[in-house]
Structures are given as C-alpha cells and as structure tokens.
Colleague: 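Questions regarding the structure given below will be posed in turn.
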2 protein chains.
Amino acid sequence: MTESEKKLLEAKTQVLKALAHPVRLWMAEQLAEGEKCVCEMVEPLGLDFSTVSKHLSVMKQAGIVADDKRGKQVFYTLKVPCILNFMGCVEAVLENSAKEQACLLGK
Amino acid sequence: MTESEKKLLEAKTQVLKALAHPVRLWMAEQLAEGEKCVCEMVEPLGLDFSTVSKHLSVMKQAGIVADDKRGKQVFYTLKVPCILNFMGCVEAVLENSAKEQACLLGK
DNA sequence: TGTATATTTGGCAAAATAGCCAAATGATGA
DNA sequence: TCATCATTTGGCTATTTTGCCAAATATACA
C-alpha cells in the first residue's frame, strides 16, 4: 500500500466516521428534511449544547454539513444527500441479519 | 426519541462503524474483488494476525462479511456489495472538499 | 454601553477502540 | 497420537472519542 493510497483511505474513513455515531446519524437524518439550527437539536437529543455543537463540527470538518449563521443562530444543512441513499443499504444489512437470526432460532 | 428508534439508530451505527476504520475499509474494498483468506491480508496490512482477525470479526458482527472455513484457512466474502456504491458518495464529498479548499486558497 | 441569547472552544474524566503478545482452538497430515 | 499451520480469543496498555462544565465569542437589542 503506497503512502497516497493510505492517505485516501484515511480521508474516506473520516467521512464514514462522521456518520458512525448515533447522535450524528440522527442529525444527518434530521438535516435531510431541511436545515435546522443547533438549538432545535439540543432538546430532542437531551445533550449539552456544547456536545451537540461538537458533533456538528465533526460533520462539518468531514464535509458533510454546511453552517450558515443568521442572527444569533447557526443553521446547518446537509451538503451531500447521497449519504442518505446509503442508509437504504445499511437497512438492508440489518434486515438480512434479522432474517438470519430468525432462521437460526427456527432450527 | 423512543427507545426503539434509539435501538435502530444504534444498529445502523454499528454497520457504519464497521466500515469507519482505514484497515476495515481497505478490507471491504479488497473483498469486493472476491473472497480472501485472512492470511492474504496480513502481509499487505503489516499488522499482527490477531489484529487482522479482530477487524474481520467486527465486520462479521456487523453483518457485512461472511466467513467460510475451508481446511486450515478461513475465507471472507463481502455480503453486501451495495456498501461500495456508497463509496462513490464518500468520494464525492472528498472532491467537494478539495474544490472548496482550492477555492479558498485562490482568494 | 450593558445584557441576554446562541454557539463555540478548552479542558478534563470516563468510556470505547486499536494493536500487540501469549495462549487456546481447530484442522491437517506424518 | 503428535506436530504444525491458520485462526481466534483473552488480556493488557496506549490512544481516541465522548460528554460535561466553565469560559470565551458573537450577535441583537434595550
């Protein structure tokens, strides 16, 4: 593996990591429906404001979301909706696993 | 957020986490080209046999690979090729970020 | 200018993850 | 059966990630 292949791999990984957390995945799903400000996400998540902000900054760093400051609030949008197409695949994995589980139990 | 929504979110996250590591992503890409035994991946990665095995077990647990023991070797296959469609989206994110970076530097 | 509101940043402790080594398991063939 | 090879598991430390608190920033408005 060359150094540049390694670099590319790390870069891709960073994007994946930005989604690979329950809070951030939830945020991505929320943002898929339209922009939201930080304050709108704090309460449903039941987390500290600073924690929510940090999660959003991880996603921003990864290039998945964009922020837009308007007045006192900051609105986030999903930059790459194709990310959510992927969730169909992830759900297929889960259904598959559930089926296998059921099959094992049936024996 | 209900308890079952939380459960679903965690399950999806587990699938994403299984890909969100350079070593595991590399493995997934390799397996996309066809089955491989553990021993074939150890050397290119330059990691301990046990480390490679553990990474594969994370992916197996997540339901994205299957293992098949034949003789002394264990062969792994990618169960869900749609996972790699997603990488197109991830690459789009990276290109986007690169473009923005270039734009900022150009100013 | 001062105050209140929304958000980010720095710092810290707790939890999760990664990778190595050594030991255990499992299959093959002498 | 014994020795060997491929792999997995257990256990340990080092690193990374998470989430809270407190403090800093930024904006609007009195």
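Numbered from 1 within each chain, the chains take letters A, B, ... in sequence-line order.
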Colleague: Do the side chains of V38(A) and Q73(A) get nearer than 4.5 Å, heavy atoms only?
Modeller: no
Colleague: Does Y76(A) put a side-chain nitrogen or oxygen below 4.0 Å from OP1 or OP2 of dT8(C)?
Modeller: yes
Colleague: In whole Å, what is the span from the CG atom of D68(A) to the C1' atom of dT7(C)?
Modeller: 14 Å
Colleague: Determine yes or no for a side-chain-to-main-chain donor-acceptor pair under 3.5 angstrom, with E40(A) supplying the side chain and C37(A) the backbone.
Modeller: yes
Colleague: Quick one: does T51(A)'s side chain have a donor or acceptor within less than 3.5 Å of a partner on L47(A)'s backbone?
Modeller: no
Colleague: Considering only NZ, NE, NH1 and NH2 on the basic side and carboxylate oxygens on the acidic side, decide whether R24(B) and E29(B) come within less than 4.0 Å.
Modeller: no
Colleague: Looking across every strand, which nucleic acid part, if any, lies under 4.0 Å from K17(B) by heavy atom: base, sugar-phosphate, or nothing?
Modeller: sugar-phosphate
Colleague: Can we say K17(A) and E10(A) salt-bridge, meaning some charged N sits less than 4.0 Å from an Asp/Glu carboxylate O?
Modeller: no
Colleague: When we call it a touch if two heavy atoms are under 4.0 Å apart, what does F75(A) touch: a base, just sugar-phosphate, or nothing?
Modeller: nothing
Colleague: Base, backbone or nothing for each nucleotide of nucleotides 20-30 of chain C, written B, S, -, heavy atoms under 4.0 angstrom, 5' to 3'?
Modeller: BBB---SSS--
Colleague: Atom CE of M59(A) to atom C1' of dT18(D): distance rounded to whole Å?
Modeller: 14 Å
Colleague: Should we count NZ of K36(A) as having more than 12 external heavy atoms under 6.0 Å?
Modeller: yes
Colleague: By a strict heavy-atom criterion of less than 4.0 Å, which residues belonging to residues 21-45 of chain B are in contact with DNA chain C?
Modeller: H21(B), R24(B)
Colleague: Side-chain contact, heavy-atom cut-off 4.5 Å: L45(A) with V23(A)?
Modeller: yes
Colleague: Would you say Q61(B) has more than 12 foreign heavy atoms packed within less than 6.0 Å of its CD?
Modeller: no
Colleague: Rounded off to whole Å, could you give me the CD-to-C1' distance for the Q73(A) and dC29(D) pair?
Modeller: 15 Å
Colleague: I want to check one thing: is the phosphate of dG19(C), taken as OP1 and OP2, less than 4.0 Å away from some side-chain N or O of H55(B)?
Modeller: yes
